[in-house]
Novice: 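My questions all concern the structure below.
The figures here come from the full heavy-atom set of this structure, side chains too, leaving out hydrogens, waters and symmetry mates. As the structure is a prediction and not an experimental result, all values here were calculated from the model.
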Amino acid sequence: MLVEFEYWWLLILPLFFTLGWIAARVDIKQLIAESTSLPATYFKGLNLLIADQYHKAVDAFSEALYLNKDSLELHFVLGSLFRRTGETDRAIHLHMNLLENYELTEQQSTSIKVELAQDYFKAGLYDRAEELFLTLRHTRYEQAALRHLLEIYVKEREWSQAIAMAIELEGSSGISYRKEVAQYYCELAVNAIIQKDWQHATDLLVQALDANKNCVRANVLLGDMAAQQEDHAAAIAFWKRIEMQDPEYLGLVAQKMLKSYAALREGDATAGNASKGLKEGLAQLSQYLESYQLSSMMSVLYEATLQAEGADTAAKLARNELIRKPSLKSLDQLLQARAMLEDEQHDLQLMQQTVRNAIGDRAAYYCDQCGFRAKQYHWQCPACNAWESLPAEPTEATIRDIKLLKRK
């Protein structure tokens, strides 16, 4: 039996060898193409991507796609590269061609719609992008689609739709959007304030605080609105609430508080003038400065003290601040006040000017998300659109920081 089995294999093995040789001869050209041309261009494209040479990578992947037109993966890679290099029209054409001319499964079609929606978004065609992203609800791409829809509504300043979308996204993802929702209500309130629709604006700001009890902007706006209606006691009360939310933001309302304190005493027969109210305001700011040591608070307090109580009191204030927290800004203020008091002012003024030249224009707000530098406070970063990403207090950049920023 063993001999018969061995003879059988001696007969069958040459047959298998012959069939394999014939198959190899028939497919030899295809095998060479697949093992040389396509992998070479594909890996060339990958190497270019690693080297951040995106335009050259586009050429390499375009060649790879020409050699293998049926590869959806290469279509996706090339479409993404088109978006990165700003060639959104080519990306749109690429993905629309896939949808119109290829037989696709439902999953493949959905994946291509995701790419096409991103093309439209990148091109600024928000209406078309929105239409496609809305069709991606209840698919595995739902959360990404909702995030893009939220970004579209924010860019188009459709705040009511942004609120609804953020709440839906919060429920879908489990990630809190309370801070963003509160800011959207504040944006709606600003529009109402411009129209002097005080009640509607108040309702919106109450909703902002319901969404996020620590929304400082809501109390800032409630105070601003009360001041515009000359209800200065209410305005001060709203601004004082900021201390319980985040005291670092008190510097944003310091000047406003002083004006409202002064306005409280105007027309008061017992007070005679606004000086008593201003003193109350100065005392309140001094308390905040003592508690929280805010540089912006010091600037407001110094200027108001200089005007209301004179150079001697202002100099004492600057000197105490310089002892407690040395800074070129406080030194500049002290020299300014002393120059007003001294008979021989020339040297003091010269020293003050030297200090000011050294300080320059260095105090600024820096976004903690993207590093954007702003001279004024923004609730939303103009560069990366992040909310409340700028610190409440401006930062005095060092000379080294300024040099690094200039190099960038």
Novice: Looking only at the side chains, is there a donor atom on one of Glu393 and Tyr365 sitting less than 3.5 Å from an acceptor on the other?
Specialist: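 Looking only at side-chain atoms, Tyr365 and Glu393 do not form any donor-acceptor pair under 3.5 Å.
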Novice: Do we see a donor-acceptor contact under 3.5 Å between the side chains of Gln207 and Asp203?
Specialist: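 Note: Gln207 and Asp203 side chains miss the donor-acceptor criterion.
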Novice: As a quick check of understanding, evaluate side chain to side chain contact (heavy atoms under 4.5 Å, CB included) for Glu248 and Val216, giving each step before the final call.
Specialist: CA-CA 10 Å; Glu248 288 194 358; Val216 172; over 6 Å; no
Novice: Determine whether a donor-acceptor pair (N or O, by modelled atom type, separation under 3.5 Å) exists between the side chain of Glu142 and the backbone of Arg137.
Specialist: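 It does not hold such a pair.
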Novice: Before accepting this row, confirm whether a basic side-chain N of the pair Glu187/Arg157 lies closer than 4.0 Å to the acidic partner's carboxylate O.
Specialist: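 Result for this pair is yes, salt bridge flagged.
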Novice: Just how far is it from atom NZ of Lys113 to atom CG of Leu104, taken to the nearest 0.5 Å?
Specialist: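 Rounded to the nearest 0.5 Å, the NZ-CG separation comes out at 10.0 Å.
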Novice: Working to the nearest 0.5 angstrom, can you tell me the gap between Met244 CE and Asn214 CG?
Specialist: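 Here the rounded value is 10.0 Å.
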Novice: Between Glu87 and Thr85, is there a side-chain donor-acceptor contact under 3.5 Å, judged purely by atom types and distance?
Specialist: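 Per modelled atom types, Thr85 and Glu87 side chains form a pair under 3.5 Å.
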Novice: What distance do Leu188 atom CG and His200 atom NE2 have between them, rounded to the nearest 0.5 Å?
Specialist: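 Nearest 0.5 Å value for the CG-NE2 distance: 6.5 Å.
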Novice: Within the structure provided, determine whether Ile167 and Arg178 are in side-chain contact (heavy-atom separation under 4.5 Å).
Specialist: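 Answer yes - side chains close enough.
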Novice: Please report the interatomic distance CZ(Arg83) to OH(Tyr120), rounded to the nearest 0.5 Å.
Specialist: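 Between atom CZ of Arg83 and atom OH of Tyr120 there are 12.5 Å.
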Novice: Mind checking the CG-CG spacing from Leu204 to Leu222? Nearest 0.5 Å is all I need.
Specialist: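 So the gap between those two atoms works out to 10.5 Å.
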Novice: Fit a plane to each ring of Phe121 and Phe133, take the angle between them on a 0 to 90° scale, and name the class: parallel (under 30°), tilted (30 to 60°) or perpendicular (over 60°).
Specialist: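 Phe121 and Phe133: perpendicular rings.
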Novice: When you look at Gln183 and Glu388, which way does the side chain to side chain donor-acceptor pair (under 3.5 Å) test go after all the steps?
Specialist: CA-CA 9 Å; Gln183 289 293 340; Glu388 299 180 32; 2.7 Å; yes
